[in-house]
Amino acid sequence: MASIKRLSLISGLLFARSIWALLSDDLIEIARVDFASQSLIDNITKSSKLINDAVNSLANVTASVNVQGAASACEIATLVLQSSQVYQNQNTAAEQYTEEKAINWSETCWLAANCFVRPRNAVEAALLMSIVKTTGAKFAVRSGGHNPNPGFASVGSDGVLIDLQDLKYLSIDAIDTLSAGPGHRWIDLYDFSDERNRTVKGGRTADVGIPGFLLGGGMPYFPSLQGLGADSIINYELILPNSTMISANAHENSEIFDALKGGGANFGIVTRFDIETYPLIHAQYEVNLYNVSDYINIFAATIKLQRAMELDPKIDAYVTVTPEFVVVGMFYADWLSERPSAFDGFYQLDSLVGSMVPLTNGTVTSLAADLAAHTPSYNARRFTAAITTLVESQLYVEFQKHFLQVLEITESKFAANLSYTIQPVSSAMVREGNARRGNTLGLTEVAQTWWSVVVEWADEADDAAAHTTLNGLLDALDTMAQDKYLLMEFRFMNDANLDQDVLGSYGTTNLDRISAAAHAADPEGLQQTLQNDGFLLRNT
Ligand SMILES: Cc1cc2nc3c(=O)[nH]c(=O)nc-3n(C[C@H](O)[C@H](O)[C@H](O)COP(=O)(O)OP(=O)(O)OC[C@H]3O[C@@H](n4cnc5c(N)ncnc54)[C@H](O)[C@@H]3O)c2cc1C
Ligand SMILES: *[C@@H]1O[C@H](CO)[C@@H](O)[C@H](O)[C@H]1NC(C)=O
Ligand SMILES: *[C@@H]1O[C@H](CO)[C@@H](O)[C@H](O)[C@H]1NC(C)=O
Ligand SMILES: *[C@@H]1O[C@H](CO)[C@@H](O)[C@H](O)[C@H]1NC(C)=O
Ligand SMILES: *[C@@H]1O[C@H](CO)[C@@H](O)[C@H](O)[C@H]1NC(C)=O
Ligand SMILES: *[C@@H]1O[C@H](CO)[C@@H](O)[C@H](O)[C@H]1NC(C)=O
Ligand SMILES: *[C@@H]1O[C@H](CO)[C@@H](O)[C@H](O)[C@H]1NC(C)=O
Ligand SMILES: *[C@@H]1O[C@H](CO)[C@@H](O)[C@H](O)[C@H]1NC(C)=O
Ligand SMILES: CC(=O)N[C@H]1CO[C@H](CO)[C@@H](O)[C@@H]1O
């Protein structure tokens with residue numbers, strides 16, 4: 001046993017040496033001028049030397065052992081990075097390993113990777129890509145861990161999970177462009193920009209991660225004002241699968257820049273987002289609960305609101321339907337003395353049960369924080385799905401009737417929480433995106449509804465039942481919308497489930513652009529072959 005261990009250690013070192021050779025001078029140069037400290041450069045040089053010395057001193061021993069796969073990748077990562085950053089399921093790191101495993105929002109993603117590795121900077125992330133490439137190990141990248149699809153930001157024992165939570169840095173320049181590392185959650189960016197009287201287009205929920213949200217487009221508060229989250233990105237710092245670092249913006253690598261705005265995890269590891277900020281939004285908001293039995297009137301009010309959104313881009317809202325309540329978020333981008341008449345439909349309902357967040361004059365930051373404070377947080381297995389339709393009350397009513405039937409059937413089968421959200425999208429949102437050079441989602445400039453359906457359950461034994469239930473709801477909505485000529489092709493990545501062809505839903509032209517950009521970024525196709533899963537080109 002010991003000799004096998006020793007042999008694989010030696011080959012690990014040999015590989016480590018070739019890995020250092022793979023690290024381009026360019027990358028080290030970028031790290032030097034960009035954000036890495038001199039001590040980091042010294043450390044890298046020092047470790048590199050140590051590894052080379054070790055390899056030389058062991059040159060007497062020759063052995064051909066299999067260095068392919070995740071176990072070797074983890075061993076090499078332990079040698080190349082500080083061992084305190086690599087967690088394997090062993091006594092010494094068992095505690096950190098267990099913590100790392102349970103980070104994701106959905107328990108279905110709590111997979112037991114061969115190791116979890118936490119690079120401290122972009123250079124180390126690039127090194128990890130080299131290790132993965134050299135060993136041919138499977139890998140997955142995780143930032144906020146909020147994507148509920150198992151295997152996207154998680155991987156089993158045949159893979160390495162690259163956890164970017166330590167890549168945290170925030171700065172803002174003279175023209176108010178905010179730069180953020182992928183390890184942050186949106187609340188960090190909100191607090192940071194609020195203090196400077198600026199607004200950033202981020203997640204509606206405070207603890208969502210930056211990269212997954214932005215790579216999928218990103219539905220922010222007040223989308224009619226400046227478009228989606230991705231529409232405000234000015235530059236990406238990206239590590240290509242060959243460990244070269246590039247900038248992608250309107251002037252450099254513009255093909256990759258455009259494709260990253262909605263194209264998902266097909267290009268490499270994003271290690272910095274440069275984002276346009278806007279003058280502070282004075283958000284006036286409230287979140288109310290209505291009795292679900294009043295759904296016909298609630299949907300009438302929703303439709304009225306969606307019409308009003310076409311005329312006033314300061315309106316924003318969402319409507320979440322649960323078995324007991326309808327949760328209605330009503331947001332306005334100004335501190336008015338009187339609420340806009342667009343919300344009257346809701347104020348006139350006598351099915352109001354209570355308020356989750358009372359009427360407040362605040363900012364997007366306080367809104368995200370207030371919502372977080374009123375939303376219970378607990379672990380569960382979760383699965384979501386996305387669909388897009390035109391706006392029509394009869395569709396909402398018909399789907400709710402079906403939903404009620406499904407609830408009844410499900411109740412007798414297994415313990416689950418089912419819900420769905422109507423996310424109103426205005427034509428202004430699409431226009432704002434186009435005015436900022438556009439994204440790759442292939443959106444149509446009309447009022448529309450982005451639906452997301454969610455199932456939440458506790459018992460692993462019910463995984464299949466949960467999937468069947470969710471897919472059944474989705475199929476029903478799909479059919480109803482199709483029958484009424486209301487179905488749209490677009491599927492929103494951030495709410496979609498792994499069976500849905502998200503990239504295909506962007507249309508042929510966009511799909512071709514994404515493919516071409518992915519080829520430019522990754523001619524060897526490593527993101528497709530070694531990456532565990534995701535909304536990848538290989539799945540379209
Ligand atoms: C509670 C909750 C609230 C949400 N609210 C919103 C919302 O308001 N608006 C909205 O649009 N969406 C929302 N979402 C959806 C969310 O945007 C997606 O789940 C998104 O994928 C999460 O991003 P993350 O960084 O946390 O994801 P992760 O799960 O870490 O990663 C998601 C995907 O991105 C890849 N990835 C991660 N980091 C990088 C990187 N640095 N470079 C390249 N690829 C990377 C992963 O491999 C994976 O494929 C919400 C989700 C939850 C659970
Ligand atoms: C360099 O290594 C030393 C110890 O080896 C460590 O204390 C220090 O934090 C490292 N510096 C960086 C920037 O990684
Ligand atoms: C290689 O082995 C020989 C004989 O065992 C020994 O004398 C020599 O010092 C070793 N070289 C290195 C670099 O370890
Ligand atoms: C932000 O705006 C407030 C109110 O107008 C002002 O008092 C404060 O000085 C501003 N802060 C900064 C950093 O500009
Ligand atoms: C909701 O309305 C139904 C039917 O009118 C009623 O039975 C139920 O008690 C109401 N629930 C709440 C929480 O008010
Ligand atoms: C919000 O601000 C407006 C304008 O100052 C004021 O009239 C209104 O009463 C405030 N609303 C709340 C809930 O504080
Ligand atoms: C359903 O939601 C409640 C909180 O609203 C939670 O306590 C419960 O655990 C959830 N049930 C399942 C099966 O996830
Ligand atoms: C890495 O890939 C990019 C994109 O294909 C290419 O331009 C670059 O030359 C490659 N770098 C190295 C060191 O091979
Ligand atoms: C580290 C981390 O983000 N853990 C989260 C995992 O998911 C649960 C349930 O949503 C959260 O409570 C944890 O904070």
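In each ligand, atom 1 is the first atom listed, and ligand 1 is the first ligand listed. Just so you know, residue 1 is the first one in the sequence shown, and it goes up from there.
- Under the 4.0 Å criterion applied to side-chain N and carboxylate O atoms, Arg118 and Glu124 are not assigned as salt-bridge partners.
- Residues Phe325 and Tyr290 place their aromatic rings such that the two centres sit no closer than 6.0 Å.
- Contact between Pro241 and ligand 8 is absent, with no heavy atom of the residue lying under 4.0 Å from the ligand.
- The ligand atoms of ligand 6 that sit less than 4.0 angstrom from a heavy atom of Asn361 are 1 (C), 2 (O), 3 (C), 8 (C), 10 (C), 11 (N), 12 (C), 14 (O).
- When the options Asp176, Asn197, Thr199 are evaluated for a side-chain contact (heavy atoms from CB on, under 4.5 Å) with Thr277, the one that passes is Asp176.
- Protein heavy atom in closest approach to atom 5 (O) of ligand 6: Trp335 O, 4.5 Å.
- For atom 9 (O) of ligand 4, no protein non-hydrogen atom is found at a distance below 4.0 Å.
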Full working for ring-ring contact (aromatic ring centres under 6.0 Å, His included) between Phe535 and Phe152: CA-CA 8 Å; Phe535 292 112; Phe152 282 30; 5.0 Å; yes
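- A ring pair (Phe, Tyr, Trp, His ring centres under 6.0 Å) with Tyr221 holds for exactly one of Trp186, Phe331, Tyr332; it is Phe331.
- Remark: ligand 8 atoms within the under-4.0 Å shell around heavy atoms of Ala520 are 4 (C), 5 (O).
- Among the atoms of Pro523, none of the N or O lies under 3.5 angstrom from an N or O of ligand 8.
- With distances taken over non-hydrogen atoms, the option nearest atom 1 (C) of ligand 8 out of Asn242, Thr244, Ile246 is Asn242.
- In this structure, the side chain of Trp335 engages the main chain of Gly362 through a donor-acceptor pair within 3.5 Å.
- Within a 4.0 Å radius of atom 13 (C) of ligand 4, the protein has at least one heavy atom.
- Close approach of ligand 4 to Glu195 is summarised as follows: ligand atoms under 4.0 Å from at least one heavy atom of the residue are 13 (C).
- Residue contacts with ligand 4: Asn197 is placed with a nitrogen or oxygen under 3.5 Å of a nitrogen or oxygen of the ligand (distance criterion only).
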Step-by-step side chain to side chain donor-acceptor pair (under 3.5 Å) determination, Glu237 to Ser247: CA-CA 5 Å; Glu237 178 189 273; Ser247 294; over 6 Å; no
